Amino acid sequence: QVQLVESGGGWVQPGGSLRLSCAASGITFARYTMGWYRQAPGKQRELVATISSASGRNYVNAVKGRFTISRDFAKNTVYLQMNSLKPEDMAVYYCNSHTEGLPYVAYWGQGTQVTVSS
């Protein structure tokens, strides 16, 4: 059974920091690209950042220079360090994993709320 369990969300003031974690089980972690997506109220879910099995990173322009994605292969965990948070970063953040070849298989976590307000 595949599980992606997110943690680390919460409330923070603008300019603050949070670190999200996503612990994966039931998959061969080293063979999957891991990613973070977010969905704000009334908006579509959007990509935030991904990290490949070779640790290649990709970020949406809105978070470049502020967010850092990383992964710990020993712990089967992916992280999202979020600095200089803005009100527009407020959303539910979802962990995603997907295979890097065929067949394409993807999994989602349950989401964790990030609230940025004063």
Side-chain angles (χ1 to χ4, degrees):
Q1 181 182 359
V2 177
Q3 284 191 309
L4 301 178
V5 180
E6 300 108 332
S7 60
W11 172 83
V12 65
Q13 292 185 333
S17 298
L18 284 174
R19 189 176 82 153
L20 305 182
S21 300
C22 171
S25 60
I27 61 172
T28 305
F29 182 76
R31 296 181 182 176
Y32 280 69
T33 284
M34 302 298 297
W36 290 96
Y37 290 70
R38 65 187 180 187
Q39 187 167 19
K43 295 187 176 181
Q44 290 188 331
R45 190 173 297 188
E46 66 171 355
L47 171 69
V48 176
T50 62
I51 185 167
S52 71
S53 61
S55 295
R57 294 167 173 83
N58 179 53
Y59 298 94
V60 67
N61 285 339
V63 308
K64 284 181 179 178
R66 299 188 297 122
F67 291 11
T68 302
I69 190 170
S70 61
R71 65 193 297 170
D72 185 330
F73 290 96
K75 296 182 178 179
N76 284 4
T77 299
V78 63
Y79 304 97
L80 186 68
Q81 177 66 45
M82 305 186 293
N83 299 328
S84 302
L85 282 160
K86 304 175 181 180
E88 51 264 44
D89 295 318
M90 185 164 62
V92 177
Y93 283 70
Y94 295 90
C95 179
N96 170 272
S97 66
H98 70 81
T99 50
E100 296 182 348
L102 296 178
Y104 178 83
V105 179
Y107 301 100
W108 292 91
Q110 81 286 354
T112 185
Q113 176 70 47
V114 171
T115 301
V116 185
S117 72
S118 53

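Every value quoted in this text rests on a predicted model; they were computed, and no experiment measured them.
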**Student:** I want to check something: taking the side chain as every heavy atom from C-beta on, are M34 and S97 in contact at a cut-off of under 4.5 Å?
**Tutor:**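 Yes, their side chains come closer than 4.5 Å.
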
**Student:** Are Y79 and Y94 grouped together when hydrophobic residues (ILVMFWY) are joined by side-chain heavy atoms under 4.5 angstrom apart?
**Tutor:**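 Unlinked, Y79 and Y94 end up in two clusters.
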
**Student:** Quick one, I27 and V105 - any side-chain contact, counting heavy atoms below 4.5 Å?
**Tutor:**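 In short, these two side chains do not touch, never coming nearer than 4.5 Å.
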
**Student:** Whether the side chain of T77 engages the backbone of D72 through a donor-acceptor N/O pair (distance < 3.5 Å, no angle test) should be reported.
**Tutor:**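 Looks like no, no N/O pair under 3.5 Å.
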
**Student:** Any side-chain heavy-atom pair from R38 and M90 closer than 4.5 angstrom?
**Tutor:**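 No, their side chains stay 4.5 Å or more apart.
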
**Student:** Quick check: closest heavy atoms across L80 and A49, and the distance to 0.1 Å?
**Tutor:**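 That would be CD1-CB, 4.3 Å.
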
**Student:** In terms of the angle between their ring planes, are Y93 and F67 parallel, tilted or perpendicular, with boundaries placed at 30° and 60°?
**Tutor:**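 Correct class here is tilted.
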
**Student:** Linking I/L/V/M/F/W/Y whenever their side-chain heavy atoms sit closer than 4.5 Å, directly or via other members, would W108 and Y32 fall into one cluster?
**Tutor:**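 No; Y32 is not reachable from W108 via cluster members.
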
**Student:** Do the non-hydrogen side-chain atoms of R45 and N96 ever get within less than 4.5 Å of each other?
**Tutor:**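 No. Closest side-chain heavy atoms not under 4.5 Å.
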
**Student:** Please check this pair: side chain of Q1 against backbone of G26, looking for a donor-acceptor N/O pair closer than 3.5 Å.
**Tutor:**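 Checking the backbone N and O of G26 against the side chain of Q1, no donor-acceptor pair under 3.5 Å is found.
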
**Student:** What orientation do Y104 and H98 show, parallel under 30°, tilted 30 to 60°, or perpendicular over 60°?
**Tutor:**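 If you compare the ring of Y104 with that of H98, the planes turn out tilted.
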
**Student:** Should W36 and Y107 be regarded as members of a common hydrophobic cluster, given that ILVMFWY residues are connected when their side-chain heavy atoms come within less than 4.5 Å of each other, either directly or indirectly?
**Tutor:**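 Looking at the clustering, Y107 is in the same group as W36.
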
**Student:** Kindly say whether I69 contributes a backbone atom to a donor-acceptor pair with the side chain of R57 at under 3.5 angstrom?
**Tutor:**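 A pair under 3.5 Å: yes.
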
**Student:** For R71 and T33, indicate whether the former's side chain and the latter's backbone hold a donor-acceptor pair under 3.5 Å.
**Tutor:**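 Absent.
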
**Student:** With a 4.5 Å heavy-atom cut-off, do S70 and Q81 have their side chains touching?
**Tutor:**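 Contact flag for S70/Q81 side chains = no.
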
**Student:** More than 12 non-hydrogen atoms from neighbouring residues, nucleotides or ligands closer than 6.0 Å to CD on Q44, yes or no?
**Tutor:**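 No, the 6.0 Å shell around CD holds no more than 12 heavy atoms from other groups.
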
**Student:** Are the side chains of R66 and M82 in contact, using a 4.5 Å heavy-atom criterion?
**Tutor:**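 With C-beta onward as the side chain, the pair stays apart.
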
**Student:** Are the side chain of E6 and the backbone N or O of G111 linked by a donor-acceptor pair below 3.5 Å?
**Tutor:**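 The answer is yes, because a donor-acceptor pair under 3.5 Å joins these two groups.
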
